[in-house]
Every structure is written in structure tokens, then in C-alpha cells.
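Comments concern the structure below.
Throughout, protein chains are lettered first and strands after them, A, B, ... in sequence-line order, and every chain is numbered starting at 1.
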Amino acid sequence: MGGVIPAPLHKGPKMSRYEPSVIEPKWQQAWDDAQVFEAKRDPLKPKYYVLEMFPYPSGRIHMGHVRNYTMGDVVARTKAAQGYSVLHPMGWDAFGMPAENAAMERGGHPRDWTEGNITEMKAQMKPLGLSIDWSREIATCRPEYYGQQQAMFIDMMEQGLVYRKNAVVNWDPVDMTVLANEQVIDGRGWRSNALVERRELTQWFFKISDYSGELLEALDGLTHWPEKVRLMQANWIGKSQGLQFAFDTVGAPAGFDRLEVYTTRPDTLMGASFAAISPDHPLAKALESDPKIAEFVARCRKGGTSAEEIETAEKIGFDTGVRVKHPLNPDWELPVWIANFILMDYGTGAIFGCPAHDARDFEFATKYRLDIKSVFVAEGAEDAPLTEAFVPMKSEPVHYVRGFSGAALQTGEAAVAAAIAHAEAHGYGKGVTNYRLRDWGISRQRYWGCPIPVIHCETCGVVAEKKENLPVELPYDVTFDIPGNPLDRHPTWRNCTCPNCNAPARRETDTMDTFVDSSWYYARFTAPHAKTPTVAEDADYWMNVDQYIGGIEHAILHLLYSRFFARAMFKTGHLPAKAIEPFNALFTQGMVTHEIYKTTDANGRPVYHLPEDIIRSDAGATLADGTLVEVIPSAKMSKSKKNVVDPMNIISAFGADTARWFVMSDSPPERDVEWTASGAEATFKHLSRVWALCSRIGEMPADHKGEGDEELLRATHRAIAEVTAGIEGFAFNKAIAKLYEFTNAIARSSASTSVLKEAIRTLAKLMSPMTPHIAESIWSFQGGAGLCTQAPWPKADPALLVDDTVTLPIQINGKRRAEISVPKDMSAADVEKIALANEDVVRFLAGQPVKKLIVVPGRIVNVVV
RNA sequence: GCGGGCGUGGCGGAACGGUAGACGCGGCAGACUCAAAAUCUGCUAUCGCAAGGUGUGUCGGUUCGAGUCCGACCGCCCGCACCA
């Protein structure tokens, strides 16, 4: 590279060596001094709000953080240069169990542990040179934040969005807390990995189910969200339409004259052979005076909830002796069973069983020898005994042999509609829409969370705390020597007076799920230190988040809760209507991965090794003592597998710019990126080459006239267009590829000094979102005005983007055979002539007649023979 | 089981339906060195001396033209999962 730039006959100054450890702190100081990243409401500028999902303060940043925040930073810096007033804040998702676990394991206090971690992580993030407005920093564990959350909780209570109920909950026996359904993964606690048990407790809930339909429908408007995330949310909300109706019962306990059931296949009503209720159904409880039933129900409860167990779980049932009358024929009675596979919290917790057309019912009926009667058969088929449930697509027409409404030959869809119409016309049932989405249980029996601001009074019941008494602060004097919630056993905190009647009362000791904290932090960033949850003018100006960036693992929980919370905040007057969908665009980035290095100890157990302890050679990977190491392909960085790279090591070895550039290069941002030592080193070498190139151009005589000015100018503008498009399209890897090309073009050029200087200043500006520090050095060395960070983004001149002549490939029958160079606006007819006269074309045609000739202007010529 | 995604060199990956493999890594060769490192230059899908042929998981289809669109299959990944 660089052979053509005149050797220093020079006048200009030479640049010192590329030393990131020298220039990076220097430029960060310069940015701080100029307060360039402070977000200001500016009525004259369009605003742009970039947000990366805020981190949990574990104490150490990892490469995933570096990638996430660099992406956001590239967007933020580019938008700022393009003239937007940018909000790019950072905060801490600081409540949660690890702090309590640390307190239990090592002593100390969750608050001290958390605040210490925040200090440490912030110190690790600072050297990255992110364009963050740190004056807006928030931590969810600070009263300034959670006090406002409590105020909103009270507002939500008033609006009927909060309620309390007894519920069978997922109890994590290790963390001794309740988990939301969303926090149970394969029947295990998402954090503790312990098998979850079922318990009945009084819990606080948010009425997210009020918004099921809206949260589903509004997904269509989220056009800048990944399709995948929208689908996952739609599936999670799980809309279904069906019929709800009641059976009249025979021989049921008092108060159970009717049994409500829900079905999505009312067209199969004539195939009913039993009714079944959940073990948690009120009727089952009413029947528990029968010891056999009590015993059976207990047996159902015990069943594990792990994925394997559910999948292989045998369907078990118990015939209660109660019977129900078929709605279409009162003389036809069906037995009522309690069955372990009926869920209490979906539909009505009771079903009618149609074994012929439901796989579960079929299995159940086969086991307990219940009738299996087909309602419909495939077109043209006989009504023969079934060996498995016949469940065709609802869109497929089938022949109804036991239908009761609609045509004999109709699709399932049509039959369902006809059946619902029939039920409504005859008054025995109604069409109902059901959702899988349950209300959000937010009670946690933990200390390190936002206290639920209510008080239990013997005379007044459950009363909200007065707003002037907020925040309800967590007491500091707690201990963690025994499991459970220290708030429960706090000597004084629990005791308080009723805000209503001033009688002695008890404070609620449940705290909120940490997902509540992260459901509105994006709104708080618009006025992070206000005495109210939000401030209207600030929320109006800054909302919505224009670009949200984070991991796909939050596709359902966090994003769904946030969408709900924004609606709740609108309802309680804390957000404008436009903010009910708070994230205009969402980008889900991939993970940073690394190879895993494994050996085996004497007992055959795996031993993992850190990347820095591995020596790679042609022979493979070994330890320092020569032991051969097994190399396992890249996986998510994990401390237990020791395949971690500490960003701090990278920064001290190569600088922040290298780390930032590397995590953005090579891999498309939505995909995983593999961290390799050679890749990081190669990045550093590249940046050093850019530095050297800058130095060489600086040494050139200022008045040197060279050749190829026009060409370099065109390359410069092409780079502007392509890099800009890459960044704006979240194709950072392509933007970086174009920057490599542009760098090579400059290095090869022997243009005049002035054109070269302009080119390398442009290069610096285009690199600055990715590598802001080296960009500043180049910018100032080459005489750029002010800070590169504050310089406007260059605009490509369209006239310089098109070449005067274009190279057209010529295909014969779709195969490339020749190419011609023609003026870009040459007419198709002239192109045809030149193409057919081309000697290669003539040779390949060998006199065959041309059947067809396709000329795509500026693109290609295809000759068909 | 249901829903979704993805298969391109040794590797990460480019490619409005229009020259497949941009750019980077790695590798090879050369220059500079007494030598090495660093740096620079060139080459690097594959078969073939060449002309040329073959190539984007497999098989078909649409098209003047398919990595890209359609159908079937194979493989991998992700999400949900007894939701009536």
C-alpha cells in the first residue's frame, strides 16, 4: 500500500506513532470539556432518541455490552452529525436477585454491592468513548427512580390496572419467591434453575390482559421491528376464537348447577363423550370432601412441570360421578372427569372432550374407554373407527356425519362459525375470544426490589400509601442470614399507620418484579431527575425511542411489558398518546461468541481454559506445557466455559477504537460475531495503516499536483454514499468493508495534496462513528475545523456517483462471454450494435442467428440464440 | 406437535432477479533484511497446460437470465408448547 504517494521530499509535519492509550483519553477529555453529548431540547432541530437496553450492574462489562453500546453509539454519532438533537442515555437495571445472593454468600449489603458494581462498570465503560449523556444516568434501585414508580403504581391502582387475588403461583423453592409464567423456563426458575412448585398465595397483578387485543393488533403497526419479534409476541398473546357455553349438571354440589366450558371446535359438539375440569377448578375443590378426589387432586398437583415431564406425562383422570346434560339433547348425559391436562387459567378451566378430533381427548378416551365418535370424515371417506384423532386443517373441507349446523360438506372454519351462530340463535352459548396472555403477577417476596406502596389496615383493608409519603424507602438495616424476605421480619419498617384512619397498620412487604423497573426507564430518561415520573414537555419532545437496540432474549417479556406499561402510563397521564408504542424501531443484535478450549482431568471431567492461556500453532491448540487442547466451535461467551474475552484487556492492548471496529466488522449485526485474537490484531494493524497513511499525506508538499484527482474525488463520494447507506441500514459490516475499500483507494492514489487531504478528512469523518478517537486525531492533524465529532456528516454529490462510462457484461444464453465499455447513457440500439460486433461475441455465436437480444441499460446484455 | 429462520471458498461474510465470492481473516509467493519480526507488493472457489468446463445443501419449476422467486426434500438454528 501507498507506493504512489510521493516520498517525503517534504514540507509537512510527521505524525507520531499510533498510540491509542495516548489519544483516547485525550479526546474523551476534549468531548467532556465541550459537553458535546449533553442532550438538549432544541426546537430548531429534529430529535433522535437512541437507546440500548440498559445493563444489569454485575460489576464487569463483557464483549456483548461492547457490541450493543457500540451499535447504539454508531447510530447516535451519525445522527448527531446529520443535524439531529440526539438523546443517548445510559442507566442501570439495578434491582434483582444477584445482589441478594451476593449478600447471602459473601455478606455485605445488596445496596453497597450494587452501587459498587455500578461505579466499577461505569469506569469500564468510560474508556470506550461512547457518546452518552451521563448527566441523565439513572439506577432503578435509587429512591429517586423507584419512588416515581411507586407513584405510578398508585395511579394504576386508581385506574383499575392493579389488583390482588389468590392465585396458584409458580414458587421457586431456591430463591423463595414467586415467578411469572414468563420466568419459568422448561418448568424451572429462569434464574435459579430450580424445579418450580405450585402454591397458592395472594399476589399483586397488573391487568395486562385488558390490553391483549390491543397489544396484538398494534403489532401490525410496528413496521420497523423484526418480523420474528412481532410473531413471537403474537404467539405469546395467543388469540383464539370459540364458543363458551354451560352444561346443566346432574348430581353436582350446591352452587354448581351449571358448568361453563370453552371450545374452539363447537362444530364437534356431537362427538362429545365426556366433560373434564382442571384439578384447580372450583368444582373439583367442592368435591374434595370425597377423600379419593382429594387424593387425586393432590396427585395432579405434585406432577413436575419440567418440559420432559410434561411431554411424557401420562394423562390421568378421575370420574367424579357428576354428570352434565348435552346442550343439544338433554337426555344425553356425559360424565364429568377431573383431568390433569386441563389448565385452570385458560378458558374456563373446563372442557368437553371430543376424542375423535382432538389428540389429547383421544388419548384420554382410549385410556379410560370412553366413546370415540367421528363428527366429520375426510371427503369421500367412510365413517370408520379411528386409530388416532382426525384433526385436519380448519381450512380443509370435510364431510360432516354428525353435524348439526351448516352444510354437510364444509370447511372446519365454516362449521365453527355455523355452530357459534346456532348456539347464539338457540341461546345456549356465545362466541368468545380468548387469549393465552395472563395477567402479570408482579409480587416478589424479596428485599432488593421496589416496595409495593400499600398498607394493610385491619379496618380499612388494603390502602395505597399517600403520595406525599413516597418514596417508601427500603430499610438499610437488614440481614440475609436466613432465607426469605428480610422485610417480613424487619422490626420497625413493617409497622406503620393507616393513611386512611391513622390506626396502626402493616406495610406490604412484597416488592415488584424487576421487569416493572425496566418497563418505563426509557420514559424516565426524558426527565431523569424530575419530581414526577415524567415531565410532559420532555416526554413530548423526546418520545418515542427512535431506535432501540438489544438482545433477542427480550423479544417477549421486556418488550411486551414495556408496551403495556406505556399504555398504562398514557392512561394515568404520564405519557402522551403517541408514546403508547414506545419503540419506533427495534434492532436485535447477535451475541459475541468465542471458541471453547477444553481438556480432561484425571477423573475424566472437563476442564476449561481461558483463551489467553492457549497457544495456537499448525499442530493445533496447546497449553503452555504442551498439553493438547480440544477446540470446541464458538459459543456464547460464558464464565463457566471460560471462553470469555475481557474488554478491558482488549482496550489496554489495542485501544477502544480497535475493540469497537472489530465488533462491528465482519458479521452482520443481527448475527453472532466470533471474537478471534487474530481478528482484533488485524483491526489494530488496519488502524495503524490508516494512521501511517494520514502521516504520509501530512508530509506531502501542500502545493503538490498529482494525477487522478477526479478519480479520487469520485471514490470519496462513493464512499460517503455507501458508508452512510450501510450505517443507516444497520449493515455496519458493509459500511466497514466500504471504509476498507476507500482506505485502499486513498493509499493507491497519486492525486494532488489538496484532494488527498480532503479524502482523508472525509475518511476520518466516515470512520468517526465506529472509531471516534483516531478519527479526531486524523481530523485535527489534517486541519479539520473544530472537533470531528461535531463536524457535519458529509453529503455525497449525486453527479459524482455515476461514472461516464460503464462496463457491460455480455451474456450469450445467460452465460457471461464478454464485456464492453460504453458511455453510460448510450442508447440500447447502439449498445446492441457494439455488443454484436464484439469479437468474442462473434466467435461464440459462430454465425448462429440471434433469436432475442435483451439490453438492460447500464446493467447487462443478453444474447439468446 | 405448532410457529419462524438459515444453508455461498479453508473461515467471517458480499451480491436492486443482471459479471457469484466485495471486504476482512487465514494461506502461498516475492521485496526489504545476514536472518527473523514488522512493513510493503502480488496471488488465492474448483478442475484443466490451455481453450474451456463446473460451481451458492438436494431435486424440479418460473424466467432471456435464479444464490435471490415458486414447489418438494435433506440438514442446522431459534421461539412456543397438554392453550381445549
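Arg843(A) comes within 4.0 angstrom of the backbone, heavy atoms only, and of no base. The residue Thr683(A) sits apart from the nucleic acid: no heavy atom pair falls under 4.0 Å.
For Phe742(A) and Tyr740(A), the ring centers sit 6.0 Å or farther from each other. Ring centroids of Phe684(A) and Phe662(A) are separated by 6.0 Å or more, keeping the two rings apart. For Phe296(A) and Trp337(A), the ring centers are positioned 6.0 Å apart or more.
Between U8(B) and A45(B), the two C1' atoms lie 10 Å apart (nearest whole Å). Going from the C1' atom of G12(B) to that of G21(B) covers 13 Å, rounded to whole Å. Atom name C1', nucleotides G57(B) and U63(B): the rounded distance is 23 Å, in whole Å. Using atom P as the reference point in both U56(B) and G10(B), the two lie 13 Å apart (nearest Å). When the P atom is used for both G9(B) and U46(B), the distance is 12 Å, rounded to whole Å. The same atom, C1', is picked in A72(B) and in C25(B); the two are 38 Å apart, to the nearest Å. Comparing G17(B) with C11(B), their P atoms sit 27 Å apart, to the nearest whole Å. Of the C1' atoms belonging to C70(B) and A81(B), the separation is 31 Å, rounded to the nearest Å.
One interatomic measurement links the two molecules: CE of Met232(A) to P of G4(B), which rounds to 13 Å at whole-angstrom precision. Atom CG of Asn744(A) is separated from atom P of C25(B) by 10 Å (rounded to the nearest Å). As a whole-Å value, the separation of Arg689(A) CZ from A38(B) P is 12 Å. Between the CZ atom of Phe684(A) and the P atom of U39(B) there is a distance of 10 Å, rounded to whole Å. As rounded to whole Å, 15 Å separates atom C1' of C83(B) from atom CZ of Arg265(A). The distance from atom OH of Tyr346(A) to atom P of A81(B) is 13 Å, rounded to the nearest whole Å. For the pair Gln811(A) CD and A20(B) C1', the computed distance is 12 Å after rounding to whole Å. Atoms CG (Leu693(A)) and C1' (U39(B)) sit 14 Å apart, rounded to a whole Å.
Picking from A81(B), C23(B), A84(B) the nucleotide with the shortest atom distance to the side chain of Trp236(A) gives A81(B). Listed nucleotides: C25(B), G79(B), C23(B). Nearest to the side chain of Ser678(A): C25(B). Here the nucleotide nearest the side chain of Val864(A), chosen from U19(B), C64(B), C83(B), is C64(B). Among the nucleotides C80(B), C23(B), A84(B), the one closest to any side-chain atom of Thr264(A) is A84(B). Checking C64(B), A84(B), C82(B) against every side-chain atom of Asn862(A), the shortest atom distance belongs to C64(B). Closest approach to the Leu231(A) side chain among G52(B), G3(B), G65(B) is made by G3(B) (side chain taken as heavy atoms from C-beta onward). When each of G18(B), A84(B), U54(B) is scored by its nearest atom to the side-chain atoms of Lys815(A), the top-ranked nucleotide is U54(B).
Under the Watson-Crick or G-U wobble criterion, with both distances below 3.5 Å, C69(B) is paired with G61(B). Using Watson-Crick or G-U wobble geometry with both donor-acceptor distances under 3.5 Å, C76(B) finds its partner in G5(B). Shown here, C23(B) forms a base pair with G12(B); the pair counts as Watson-Crick or G-U wobble because both key distances fall under 3.5 Å. G17(B): no Watson-Crick or G-U partner with both key distances under 3.5 Å is found in any strand. Remark: C32(B) base-pairs with no nucleotide in the shown strands. Criterion, Watson-Crick or G-U wobble with two distances under 3.5 Å. Base pairing annotation: A37(B) forms no Watson-Crick or G-U wobble pair, as no partner gives both donor-acceptor distances under 3.5 Å.
Arg438(A) contributes a side-chain N or O that forms a donor-acceptor pair with the base of C83(B) under 3.5 Å.
Residues Gln233(A) and Leu215(A) are not in side-chain contact: their nearest non-hydrogen atoms beyond the backbone lie 4.5 Å or more apart. With a 4.5 Å cut-off on side-chain heavy atoms, Leu370(A) and Asp361(A) do not count as touching. Contact of the Met767(A) side chain with the Trp661(A) side chain is registered, since non-hydrogen atoms from C-beta on lie closer than 4.5 Å.
Between Arg816(A) and G52(B), a side-chain N or O to OP1/OP2 separation shorter than 4.0 Å is absent. Between Tyr262(A) and A84(B), a side-chain N or O to OP1/OP2 separation shorter than 4.0 Å is absent. The phosphate of C64(B) (OP1 or OP2) has a side-chain N or O of Lys852(A) nearer than 4.0 angstrom. Under 4.0 angstrom from either OP1 or OP2 of G3(B) there lies no side-chain N or O belonging to Arg436(A).
With salt bridges taken as basic N to acidic carboxylate O contacts below 4.0 Å, one links Glu227(A) and Arg230(A). Ion pairing of Glu741(A) with Arg718(A) is absent here, as no side-chain N (NZ or NE/NH1/NH2) approaches a carboxylate O to less than 4.0 Å.
With 3.5 Å as the limit, one finds a donor-acceptor pair spanning the side chains of Glu595(A) and Tyr597(A).
Counted within 6.0 Å of CD on Glu388(A), heavy atoms from surrounding residues, nucleotides or ligands total 12 or fewer; the atom is thus considered open.
Here the rule is ring pair (Phe, Tyr, Trp, His ring centres under 6.0 Å) with Phe274(A), and of Phe352(A), Tyr368(A), Phe364(A) only Phe364(A) fits it.
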Does the protein touch nucleotides 12-17 of chain B at the base, only the backbone, or not at all? Give it as B, S and - per nucleotide, heavy atoms under 4.0 Å. BSSSB-
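Base orientation at G9(B) is syn, since its O4'-C1' glycosidic dihedral falls within 90° of 0.
Toward the 5' end of RNA chain B, the nearer of the two residues Ile860(A) and Ile342(A), judged by each one's closest nucleotide, is Ile860(A).
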